[in-house]
Amino acid sequence: MKQFTDVHDLGDIQVALKEAFEIKKDRFKDIELVKNKTLMMIFFNSSLRTRLSTQKAATNLGMNVIVLDMNQGAWQLETERGVIMDGDKPEHLLEAIPVIGCYCDIIGVRSFARFENKEYDYNEVVINQFIQYSGRPVFSMEAATRHPLQSFADLITIEEYKKTARPKVVMSWAPHPHPLPQAVPNSFAEWMNATDYEFVITHPEGYELAPNFVGNARVEYDQMKAFEGADFIYAKNWSAYTGDNYGQILSKDRAWTVGTEHMAVTNNAYFMHCLPVRRNMIVTDDVIESPQSIVIPEAANREISAQVVLKRLLEGLE
Ligand code: AN0
Ligand code: CP
């Protein structure tokens, strides 16, 4: 594998899942796969899980790891080409990226949507510049429009917990005080559409995601109706995508906060969230602390999804 930015890079997802479960059984089995290979993790945004789980996965494979937080100690980077750099940014991304590439074999990048320009975000300008100019295989640690390491871990988790071959999975919008990217819901939808699960998306009007991510999912505006008979509830906030509302908050309606009354109409569904989660905005204390909440095993599977991806990228090195 040469890069990992979306579900298609993995090829057959059943094969990838099989690989994930083999790694989960013995996560140190590939430690002799490579010697002296270095992973560089570049963060333009904060992280707890991605940073820790990806570093753990890399060390399971015997890699060396360098982590760079671009907002702490690195030069502030200009990203637009053609800008006269007489402002407060001393370095350009177009030099920084190939320099970073000199010191490592594989690069992970976290760069969220900025909400300044929808086209810039949806063209994935930052991660694509890393792909183009670093000379190294690049993988997404959440880019502007997708979070594939998360979605892969979510899929592994559903496979572990599902009680029927074709579970009903419901992704529900929930309120949040700040505007959040669409990357997690876009990506989750993309991965769910690559399975044969029954997949439903529920959100207030105005929160429609880009049609290429929604795909064949059923969109149901009545949250309670969507939850009926669900086997998995996947909660997430996102800001508006459509038209001039891009990046805006249209609702903070706490009727959408997932509570016991919502879970009561499901098929004793498991509750999932990528974390970090705002309690009593996205989900009540009672639901997230209930035995049906699988947010911690879901986070644990981030190590596994990262290890599959790193192993494949290592195998693809020339
Ligand atoms: C981020 C988001 O919604 O994309 C990261 C989630 C993994 N969440 C926040 O910024 C709170
Ligand atoms: N779920 C997730 O990616 O968490 P972090 O933002 O803490 O990495």
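In this text, all values refer to a predicted model and were calculated from it rather than measured experimentally. Counting convention: from 1, in listed order, for ligands and their atoms alike.
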Specify the protein heavy atom at minimum distance from [atom]: its residue, its atom name, and the distance to 0.1 Å.
| atom | value |
| --- | --- |
| atom 7 (O) of ligand 2 | Leu48 N, 2.6 Å |
| atom 6 (O) of ligand 2 | Arg110 NH1, 2.8 Å |
| atom 7 (C) of ligand 1 | Glu142 OE1, 3.5 Å |
| atom 4 (O) of ligand 2 | Arg49 NE, 2.8 Å |
| atom 11 (C) of ligand 1 | Leu180 CD2, 3.8 Å |
| atom 2 (C) of ligand 2 | Arg302 NH1, 3.3 Å |

Is there a donor-acceptor contact under 3.5 Å linking the side chains of [X] and [Y]?
| X | Y | answer |
| --- | --- | --- |
| Asn186 | Tyr122 | yes |
| Ser140 | Arg146 | no |
| Tyr221 | Glu208 | yes |
| Gln150 | Arg302 | yes |

Hey, does Pro276 come in under 3.5 Å of ligand 2, counting only N/O atoms on both sides?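 No.
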Polar side-chain atom of Ser293 near backbone of Ile288 as donor-acceptor pair, under 3.5 Å: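 Looks like yes, one N/O pair under 3.5 Å.
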Six-ring centre of Tyr197, Lys162 cation under 6.0 angstrom, axis tolerance 45°: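 Geometry flag: not set, cation outside 6.0 Å or 45°.
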Proximity of Phe115 and Tyr246 rings by center, below 6.0 Å: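 That pair passes the under 6.0 Å test.
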Is [X] in contact with ligand 1, taking contact as a heavy-atom separation below 4.0 Å?
| X | result |
| --- | --- |
| Pro181 | yes |
| Asn45 | no |
| Lys236 | yes |

Over 12 foreign heavy atoms within 6.0 Å of CG, Asp244: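 Counting neighbours around CG of Asp244, 12 or fewer heavy atoms of other residues, nucleotides or ligands fall under 6.0 Å, so no.
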Tell me, yes or no, whether the heavy-atom count around Lys29 atom NZ, taken from other residues, nucleotides or ligands under 6.0 Å, exceeds 12.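 Above 12, so yes.
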Hey, is Gln150 touching ligand 2 through its side chain, its backbone, both or neither, going by heavy atoms under 4.0 Å?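 The part of Gln150 near ligand 2 is the side chain, not the backbone.
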For ligand 2, note which part of Leu149 has a heavy atom under 4.0 Å away: side chain, backbone, both or neither.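 Looking at Leu149 and ligand 2, no heavy atom falls under 4.0 Å.
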With atoms numbered from 1 as shown, which atoms in ligand 2 lie under 4.0 angstrom from a non-hydrogen atom of His147?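 Checking each atom against His147, I get 2 (C), 3 (O).
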Numbered atoms and elements of ligand 1 in range of Leu275, under 4.0 angstrom, heavy atoms: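 Near Leu275, the atoms of ligand 1 are 7 (C).
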Just to check, does Glu142 reach to within less than 4.0 Å of ligand 2 when the distance is taken from its heavy atoms?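 No, Glu142 has no heavy atoms under 4.0 Å from ligand 2.
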Any carboxylate oxygen within less than 4.0 angstrom of a Lys/Arg side-chain nitrogen, looking at Lys89 and Glu91?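 No, no charged N to carboxylate O under 4.0 Å.
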